[in-house]
Structure formats: structure tokens, C-alpha cells
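Here is the structure we will look at, set down as C-alpha cells.
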Amino acid sequence: MPANLTIDVLSLFPQMVEGFVRESMIGRACERGLLGIGLHNIRDWTTDKHHQTDDRPFGGGPGMLLKPEPVFAAVEDLLSRQNANAKVIYLCPDGEPLSQKVVKELAQEKHLILLSGHYEGIDQRVRDTLIHREISIGDYVLTNGTLAAAVLIDAVCRYIPGVLGEEMSLQQDSFNDNLLSFPQYTRPYDFRGMKVPDILLSGDHAEIAKWRREQQFLKTKNRRPDLTIKD
Ligand code: 21W
């Protein structure tokens, strides 16, 4: 039985993703055959004797860039050996911001190849010809794109059937309706004098749903007014 989704990661530090995959629900999904994850080191596609992956930018400036040759070789190798229709995604600080909408779109694909940014970036010719989509995980600066690839894997995999225990939790999550989540409580009823709101013990499901919705609106208005304006 083929996996619902195959994700290949191309990075200079693929081991960064390995522990995360192994120790999470993602690893269990792989064992159950729902998902295939391939971790690859870009350095394995270098052909020079020093296995050089970076070089200085033409025109000068600080830092180094990923060289095009090993990246082209790696991506073309994966496309030809696995799936020529795979979507190639470059994780970079100047990409399209990752959102739940983007996550859902990517979860529809059969095969993703995630290329992590390194150094000061990558030769523009890679971006112009090999990459289908460029994605950033937010407006802050990382040292490389590998953790961003792990974040993307984590978010996308929640949409693979069978990966989440309860399919319900997908529906209820924040961002699906552009609202933050409501406050939640478990036992004990009284913890250090702090009591659970009585409405939650009333057994009146309609009133509870109403209260939760109100709490969502209040929290969203206070913390994330930007979410209420947009679609
Ligand atoms: C950080 C790469 C800064 C490049 C032209 C000349 C992947 C990331 C990354 C990194 C620069 C993501 C420049 C949110 C991130 C990532 C490493 C600077 C400036 N342009 N999402 N110099 N934040 N970061 N390049 O940092 O690879 S997804």
C-alpha cells in the first residue's frame, strides 16, 4: 500500500529532523505506512573532493551561498527516482508566510520535496527553475531552514487520514474559523481557590457552546485583532 504522502527533506543537517520524526506521531504514522519521510544530505550530491556545498556571492557581500550544482543534482535525482510530479518547496525567510490555508493545500499533494535554506541563501537560478513554491514560517530569523521544514512536516501531517487520533480535533482547532481557542478546565473543580466557571458544570450544552464562542471572540479581539479583519 503506497503512503498517502511522501516528503523528502534536502538539508545540510537532515539529522535535525530525524529525532523529531522518530519521537512524535509522525514516526508512528511512518511505521503504519500512512506517510513516507526521506531525509537526505545535500552534501551527498557534491562531486568535488572537498564536498563543498557553499561559495561566495558574485558582486561581493558577507556570507556564503548554497552552490547550485549539488542542489540541482539532488532535486533532479529525487524527481527522476521517485516522482517527477513532486512539488519542490524552498524554505526561506523571504517566502510566502505559512498559514493553515497553505498547510491544507500542501496536504493535498502526493509528494513534497522540502529544500532547506542554508548560509545566506541559495543561488537564484535554483529558485528560478527548480522551485514550485517558497515558504517562510514567520517574521523572525533562523540560522537555517531545517527546523522550518520540520514545522511544515508537522503541520501538514495532521491532515493525513489516520495520523491524528481523533479526526474531530482537526475541526475544533484554532485558525480553522479564524478564532483563537476557548479556555479549558479539567479536575479538580477547585484548585487553590480557583474555581471552574459554573456554566461548564451546568450540563446545558447549548449554553456551554454559546459561552465558549463568546470567549473565543473576546480573546481573539484582544490578542489577535488582525484575525477578525481578514477573511
Ligand atoms: C536567515 C537565510 C537569513 C538567509 C540577500 C542577501 C527558512 C527561515 C528560513 C536564513 C538569511 C524561514 C540576504 C522564517 C527564517 C531560513 C536562514 C538572510 C539575507 N538576502 N522562516 N542577504 N525565518 N533561515 N538573507 O529564517 O533558511 S524558512
Side-chain angles (χ1 to χ4, degrees), residues 5-21 24 26 35 37-46 51-76 78-79 86-109 111-160 173-175 223-224 226-227 230:
L5 174 63
T6 303
I7 305 179
D8 283 297
V9 180
L10 280 170
S11 165
L12 289 177
F13 309 119
Q15 328 82 272
M16 283 179 70
V17 184
E18 195 188 284
F20 150 71
V21 165
S24 68
I26 314 293
L35 182 69
I37 297 202
L39 304 176
H40 315 274
N41 197 322
I42 297 165
R43 201 172 296 280
D44 294 344
W45 280 272
T46 53
H51 302 288
Q52 192 182 341
T53 53
D54 63 336
D55 209 338
R56 290 151 51 199
F58 276 115
M64 302 289 269
L65 299 178
L66 263 178
K67 291 171 65 62
E69 301 97 317
V71 176
F72 265 87
V75 171
E76 287 171 350
L78 291 178
L79 288 173
K87 285 274 173 309
V88 186
I89 294 168
Y90 177 47
L91 284 309
C92 55
D94 48 346
E96 168 188 13
L98 185 61
S99 64
Q100 203 61 33
K101 178 169 169 281
V102 171
V103 168
K104 282 184 196 172
E105 286 169 12
L106 296 178
Q108 307 305 312
E109 300 291 341
H111 193 165
L112 300 172
I113 296 175
L114 306 184
L115 174 62
S116 296
H118 284 276
Y119 312 117
E120 278 300 299
I122 200 165
D123 188 284
Q124 183 62 33
R125 290 165 291 189
V126 172
R127 301 175 69 157
D128 290 343
T129 59
L130 280 183
I131 306 297
H132 297 109
R133 202 157 181 179
E134 302 189 328
I135 292 175
S136 156
I137 63 163
D139 293 338
Y140 39 83
V141 184
L142 305 172
T143 60
N144 70 79
T146 307
L147 281 180
V151 166
L152 188 60
I153 291 172
D154 196 77
V156 167
C157 287
R158 297 180 65 254
Y159 286 96
I160 307 307
D173 270 323
S174 282
F175 301 115
R223 296 191 173 180
R224 295 291 306 276
D226 57 305
L227 289 180
K230 283 192 297 187

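Counting convention: from 1, in listed order, for ligands and their atoms alike.
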Can you name the side-chain hydrogen bond (donor to acceptor under 3.5 Å, both in side chains) partners of D139, sequence neighbours left out? none
Which atom pairs, donor and acceptor, lie under 3.5 Å between side-chain atoms of residues 140-157 and protein residues at least two apart or in another chain?
residue: Y140; atom: OH; partner: I137; partner atom: O; Å: 2.9
residue: N144; atom: OD1; partner: T146; partner atom: N; Å: 2.8
residue: N144; atom: OD1; partner: T146; partner atom: OG1; Å: 2.8
residue: T146; atom: OG1; partner: S11; partner atom: OG; Å: 2.8

Using a strict cut-off of under 4.0 Å between a residue heavy atom and any atom of ligand 1, list the qualifying protein residues by chain and number. L91, C92, P93, G117, Y119, E120, I135, S136, I137, G138, Y140, V141, L142, T143, N144, G145, A148
Is any NZ, NE, NH1 or NH2 atom of the basic residue among K87 and E105 found under 4.0 Å from an Asp or Glu carboxylate oxygen of the other? no
Scanning both residues in full, the closest heavy-atom pair of R125 with F72 reads O-CZ, 3.9 Å
For F13, ring-ring contact (aromatic ring centres under 6.0 Å, His included) partners two or more places apart: H118
Determine whether a donor-acceptor pair (N or O, by modelled atom type, separation under 3.5 Å) exists between the side chain of R43 and the backbone of H51. yes
